[in-house]
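These notes concern the structure reproduced below.
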Number of protein chains: 2
Amino acid sequence: MSVASVSRALNGQGGVTAETLERIRVAAKHLHYVPDNAARSLITGRTHTIGALLPDLYGEFFSELIRGIDLAAHAQGLHLLVSSSHGGMEDAAAVVRTMRGRVDGMIILSQYVDADFLEQNLPIDLPAVLLDSPVDSARFPVIRIDNVAGAHAMVQHLLGHGHASVAFIAGPAGNFDAQQREKGYRQAMAEHKGPLNIVAGDFTEESGYRAGRELLAQAKRPRAVFAANDMMAVGCLYAFKEAGLTVPDDIALAGFDDILIARYVTPPLSTVGVSIADLGKSALLMLTGLMDGKGHVAGPHVRTLACEVVVRDSCGAHQTNVVTRHSPAFI
Amino acid sequence: MSVASVSRALNGQGGVTAETLERIRVAAKHLHYVPDNAARSLITGRTHTIGALLPDLYGEFFSELIRGIDLAAHAQGLHLLVSSSHGGMEDAAAVVRTMRGRVDGMIILSQYVDADFLEQNLPIDLPAVLLDSPVDSARFPVIRIDNVAGAHAMVQHLLGHGHASVAFIAGPAGNFDAQQREKGYRQAMAEHKGPLNIVAGDFTEESGYRAGRELLAQAKRPRAVFAANDMMAVGCLYAFKEAGLTVPDDIALAGFDDILIARYVTPPLSTVGVSIADLGKSALLMLTGLMDGKGHVAGPHVRTLACEVVVRDSCGAHQTNVVTRHSPAFI
DNA sequence: GGCGCCAACGTAAACGTTTTCATGAAACCT
DNA sequence: AGGTTTCATGAAAACGTTTACGTTGGCGCC
């Protein structure tokens, strides 16, 4: 038995008799032989692993994202190497560099990553797709959530139901999602010639609570509030409850993300939903397309994932031409 | 410049002049040189990666677990390769085998994994730690959540507050956590000479809802219900609400896990809390200890993580000698 | 000034695969 | 029957590192 025959047999490429194949197979099983992936990667240049660079692993968003990626990866026989970089750009750069020879492609979601960063740190031939990033490069496809349209639709929905004044709780300044959602709010308000009313927030529940109190302290209380994400909406909801207001009768409320909690607060929170798992899946599919196509991606380089307005009770409007999800789902 | 000098310089092992070190460093930066990890792994036998085998990636539990592992791994300069195996034992075996030469150690959480499985599929010299597993092997350390004590404490808490009859919503039969929690319930009830009242469930919200209806249909409605996990408790809560009962006045309710949602339902759910992230962290720390110690683990091979009773409103009891967490946390 | 020592550096082997190429035997065709 | 094709198999190169070992040259010491 030569190593060559063993290699051929175990990889099922033919070129071996059925008899020797069987002999090798029983020998391998008997010896608990498992090929060494490091050596295999070295010679083939493929690792069958894709890397995911994420800013953090906390919360439902990343959980779902990883799940979506993993599901799609598993289906294609690929492994998933996750890496969160909590530090700044330096940390992210270090992580990307250590991926060399360890992954066949990367999915990157990081506010520190721009085209320059990638040129500098990404091995020249490593395919990568960017998530929710503002960069617009011919080399790297980008998948974005259609935050602008989603926010726009929600504000329009609120305005369309008699809530003349809609306030907005903004997200952190550096966050791309937050910026886009604010843009959608601004556009919708401009179309209706409504006055802008924006208070600061940072995506945390506590900042939503503070923003809620700030809104209540305004001379003229807004009729509806749209928070840039659900956690802030929930914090805001507690501020309203604390002040003795009832939602949606006294003041309407809506969030963005459709996190699990949104179903379970009282009243159930109207929000803008995105299938995060689909986002992950799309990213992986685009990445594998890139890998197979040798750096040539078919179709547009920027793909946007549509959002949908999810109407529950907190916005005080039920209509039939939008998605309606009551909680719990099975009642 | 020979490759040897470059290797020495970049690994900082000395044996090179400060001048040549600098020369190599600028050349490396200029050429965007990054060492190939596959080749490095092949020769050194180390990958600086640890693998995590999980049954699924859905939900807060796994999200937190991964986060805990990742945080601890990142702190030690290790990468994390996650793999979920949705299929049965075959799938899990395949995953474990493909880890050969890809990871330095494994963290395994799977109901299909027993001592036999590991002997068969795990490369002989690969360190591994098991999570929440019934196996008791000298080779593999196990980290468990103290489900029995946690469930016991919660049932005792309910009984101690005048709820004479406590019913239990069980989890899926094959699940180790579910079994242990039921054991804790049985023990506590036996000590108080209370009658057992167990209905079936499978950890899903819907099964909790069905179990709730089943309990309400009983001739003598129980005074309190303890669900084996929070999602079932939430489903049960909806069944009670639907029937016009108020929790906790008409019937008390408690869950297990302290998932995020528990804070946000009305009334906030009393539950048994475990720091899942700590579980992941402990697992990783024990694994690295195993890796450094060349297969020799210091201390006991089985470690149990304590739970704590988290009293909110749904159990109708507030006392001061247990952890009390109101929602939201910052008010 | 010759000798030995030490530090810096280069050479080459090794890691465990895949893959190309050569070899030989068997089967096929004329 | 001889030549040609086909096919299973083995030998060996290659992948990009690390590391053991050998070589060089400079320096101090006798």
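Letters A, B, ... are given to chains in the order of the sequence lines, protein chains preceding strands, and every chain is numbered from 1. Bear in mind that the values here come from a model prediction, so they are computed numbers and not experimental data.
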Report the C-alpha separation of A:I66 and A:L57 in whole Å, then their side-chain angles, then the decisive distance to 0.1 Å, and conclude whether the side-chain contact (heavy atoms from CB on, under 4.5 Å) test is met.
CA-CA 9 Å; A:I66 292 176; A:L57 256 41; 4.1 Å; yes
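B:S41 places a side-chain N or O within donor-acceptor distance of the main-chain N or O of B:R46, the cut-off being under 3.5 Å. No donor-acceptor pair closer than 3.5 Å links the side chain of A:S84 to the backbone N or O of A:L54.
Following rounding to the nearest Å, B:R46 (CZ) and D:dT17 (C1') show an atom-to-atom distance of 17 Å. Distance B:I24 CD1 to D:dT17 P: 13 Å, rounded to the nearest Å. The distance from atom CG of B:L21 to atom C1' of C:dC9 is 14 Å, rounded to the nearest whole Å.
Here A:D146 pairs with nothing under the side chain to side chain donor-acceptor pair (under 3.5 Å) rule; sequence neighbours left out. Not counting sequence neighbours, B:E22 has no partner by the salt bridge (charged side-chain N to carboxylate O under 4.0 Å, His left out) test. Remark: A:R100 engages no residue in a salt bridge (charged side-chain N to carboxylate O under 4.0 Å, His left out) (not counting sequence neighbours). Taking B:S63 as the reference, A:S63 meet the side-chain contact (heavy atoms from CB on, under 4.5 Å) condition, with sequence neighbours excluded.
Between the two ends of the helix from C:dG1-D:dC30 to C:dT30-D:dA1, each summarised by a five-pair axis, the helix axis turns through 50° (rounded to 10 degrees).
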Summarise how protein sits on nucleotides 17-25 of chain C as a single string, 5' to 3': B when a protein heavy atom is under 4.0 Å from the base, S for sugar-phosphate-only contact, - for no contact.
BBBB-----
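Within 4.0 Å (heavy atoms only), A:S41 reaches no atom of the nucleic acid at all.
In this structure, the side chains of A:V135 and A:F117 stay at 4.5 Å or more apart for every pair of heavy atoms.
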